[in-house]
Structure formats: C-alpha cells, structure tokens
Amino acid sequence: MAAKRKLAENPNSELIDFLHELADYEKNVSRMIHKYNAYRKAASSIAKIDHKIQSITDIKGLEGIGKKIAAKIEQYLSTGKIKKLETNRGDETGAAINQMTRVMGIGPTHANKLVHQEKITSIDELRSHPKRDQLLNKTQQLGLKYLEEFEQKIPRDEIKQMETILLREITAMDNLLRAEIVGSYRRGATASSDIDVLVTHPAVAKLPSLLHKIVETLTKQFHFITDTISIGDSKFMGVCQIDTSKLHRRIDIRYIFN
DNA sequence: TAGCAACG
DNA sequence: CATCGTTGCTAA
C-alpha cells in the first residue's frame, strides 16, 4: 500500500479551532444554541478558504460572518488571541461543565446541573461522589465507567477480528440474516470511534424481536456484548469487547426489517 | 403519555 | 455537515 500522505492542513486551522472552541462554550456552558450555530457557520465558511487569511478584508461579506464575529477575527489577526476566548478559558466553572460532557449521555443540560447544583468540578469528583449512582442514569453510569476506554480509537485490525466473529455468529443464528460492518470502517478508515453493524433479513414482516435475540446471544453465549445502553426494535446501542485483554468498545447494531 | 435530552 | 429518527427518562 502506498504511504499515507498527511492531509494538507487548512491554512486557517488555528482560527477555525478557536471558533469551534467559542461555539462549544456557547452550547455547553452559556446554553446559547444560536450563538453556537453562528460560530459553526462562520467556521465552515472560513474552512472553504484555501489561503491564509491576511486581513479582515479577506473575509468581509463572507457568509455567516457578521459584525460581532468579524470583530473577533480582527482581534485574532492583530493579536493572535481572542479576548472572549481567553475569558472563557479562565472560567473554572465552564471548564468543569466541559469535562462533564466528555461522559457519554451527559449533555449540556445535565453537565450544568452537576456543576451548579452538586458543585462537582471534575471527573474524579464525579467518580467518588457519594450520590454518584443517583446523579446519573444508566447510560451516563456506563459512560463514566468506560470514559477513558471510549476515548481510544479502535484499530482497523481489531474491527476486522470483530467482523469475523459477528458475521459468523449472526448467520449461525439464522442463515438468512446478513450482517455487515458499515461506518468509517467500511469507508476504509485505519481507526474508528465505534463499531457500526447493519443486519438485514430478506423476508417480509420478520419479527422485530430478532434484534433482541441477536443481542441476547452475543451477550450470554459469547460474552462479546458486555453492556446494553439502549435497545428497541430497530436499534441497539451498547458495549462490546473482543476478549477480556482488550478495551471495551462502543457498538451499534441496526436491524432493518421489511 | 408528552416532551426533553442525548446520540449518531 | 446538519437535520432527524430512535431510545430512555421523568413530570404531569
């Protein structure tokens, strides 16, 4: 295989990162979803520019860049910094809220509640909190338990091994069932953030309970699935592990029935 | 049971 | 890339 070339970096990536950071703060901490959208829109406009922005005239009139954001970009161009961003970074409460949102299932609403009502300021404090299990629903408890593992990318080779097991065991259950790994793995990625499985059955009006059956088998017979986050008739979200020496991984199984 | 929160 | 469908939780 040809050596993988490093993707040419966007000439304005630092500015784009700053805008994303401002956006996240508005969404997670200030709870201003419209400001969040405005920053995202501005960032995506700038991402389309293929040369390094030299002056404010390069972006004046660009879609999604109004007075307020233009002023911040001006600050960035002249000083390399954005005051608002520096202020945000100095906000310890805001930092705590952002930490909480690292946990799967904890969004802006719950993160704010944990920090403002329970005065929790870090992941460690959340872990050791006496009321931890009352403060978090089941999804969030799993998210906290596996936080560091879920933040690790899954090497392609590991997904390949999982693919072998999944395809074998699912077709063994019913030889009409077809399973395939989709998502970034399917698109050739060398590492993925989760495993995305698509299961189809050619027969019409097949029982919706088939997904439950698949999940039950992979859990009880093979101990491949270790936890269920949510399960309905068409979508399973959970946790799996190829063997006990490997990390726990996020897995989604979608079942398409006609 | 509706409506919110979170995920992908 | 954002919007929307699916799922779970909880207040009413």
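No hydrogens, no waters, no symmetry mates; every other heavy atom, side chains included, goes into these values. In this text, all values refer to a predicted model and were calculated from it rather than measured experimentally. In what follows, every chain begins at residue 1, and chains take the letters A, B, ... in the order their sequences are listed.
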(Q) What is the separation between atom CD1 on A:Ile229 and atom P on C:dC9, rounded to the nearest whole Å? (A) 12 Å
Q.
From C-beta outward on A:Arg40, which listed nucleotide comes closest to its side chain: C:dA2, B:dA6, B:dG8?
A. C:dA2
Q: Take atom CG of A:Leu135 and atom P of C:dT10, then tell me their distance rounded to the nearest Å.
A: 12 Å
Q.
Does A:Glu151, at its CD atom, have more than 12 non-hydrogen atoms belonging to other residues, nucleotides or ligands within less than 6.0 Å?
A. yes
Q | Phosphate contact (C:dG5 OP1 or OP2) by A:Arg254 side-chain N/O below 4.0 Å | A | no
**Q.** Separation of B:dA6 C1' from A:Lys138 NZ (nearest whole Å)
**A.** 16 Å
Q: Indicate whether OP1 or OP2 belonging to B:dA6 is found under 4.0 Å from a side-chain N or O atom of A:Thr109.
A: yes
**Q.** Cation over ring face, A:Arg89 and A:Phe18, 6.0 Å, 45°
**A.** yes
**Q.** Whole-Å distance separating the NZ atom of A:Lys27 from the C1' atom of C:dC1
**A.** 14 Å
Q.
With a 4.0 Å cut-off on N to O distance, would you call A:Arg40 and A:Glu26 a salt bridge?
A. no
Q: Round to the nearest Å and state the distance from A:Arg250 atom CZ to B:dG8 atom C1'.
A: 9 Å
Q. Is there side-chain contact between A:Ile46 and A:Ile65, with heavy atoms separated by less than 4.5 Å?
A. yes
Q.
Tell me the interatomic distance from A:Met237, atom CE, to C:dT7, atom P, rounded to whole angstroms.
A. 10 Å
Q. When all nucleic acid strands are considered with a 4.0 Å heavy-atom cut-off, which category describes A:Ser44: base, sugar-phosphate, or nothing?
A. nothing
Q. Among the nucleotides C:dT6, B:dG8, C:dC9, which one has an atom lying closest to any side-chain atom of A:Ser234?
A. C:dT6
Q: For A:Asp243 and A:Gln241, work out which heavy atoms get closest and say how close.
A: O-CG, 3.2 Å
Q: Taking only the side-chain heavy atoms of A:Ile231 (C-beta and beyond), determine which of C:dC9, C:dG8, B:dC7 contains the nearest atom.
A: C:dG8
Q: Could you check which of C:dT6, B:dC7, C:dC9 has an atom nearest any side-chain atom of A:Met104?
A: B:dC7
Q.
How many whole angstroms separate atom NZ of A:Lys113 from atom P of C:dC9?
A. 14 Å
Q: For the side chain of A:His110, starting at C-beta, report the closest nucleotide among B:dG8, B:dA6, C:dG8.
A: B:dA6
Q: Could you work out which one of C:dG8, B:dA6, C:dG5 sits closest to the side chain of A:Lys235?
A: C:dG5
Q: For A:Asp233, answer base if it contacts any base atom (sugar-phosphate contacts may also be present), sugar-phosphate if it contacts only those atoms, and nothing otherwise; contact means non-hydrogen atoms under 4.0 Å.
A: sugar-phosphate
**Q.** A:Arg187 CZ - C:dC1 C1' separation (whole Å)
**A.** 13 Å
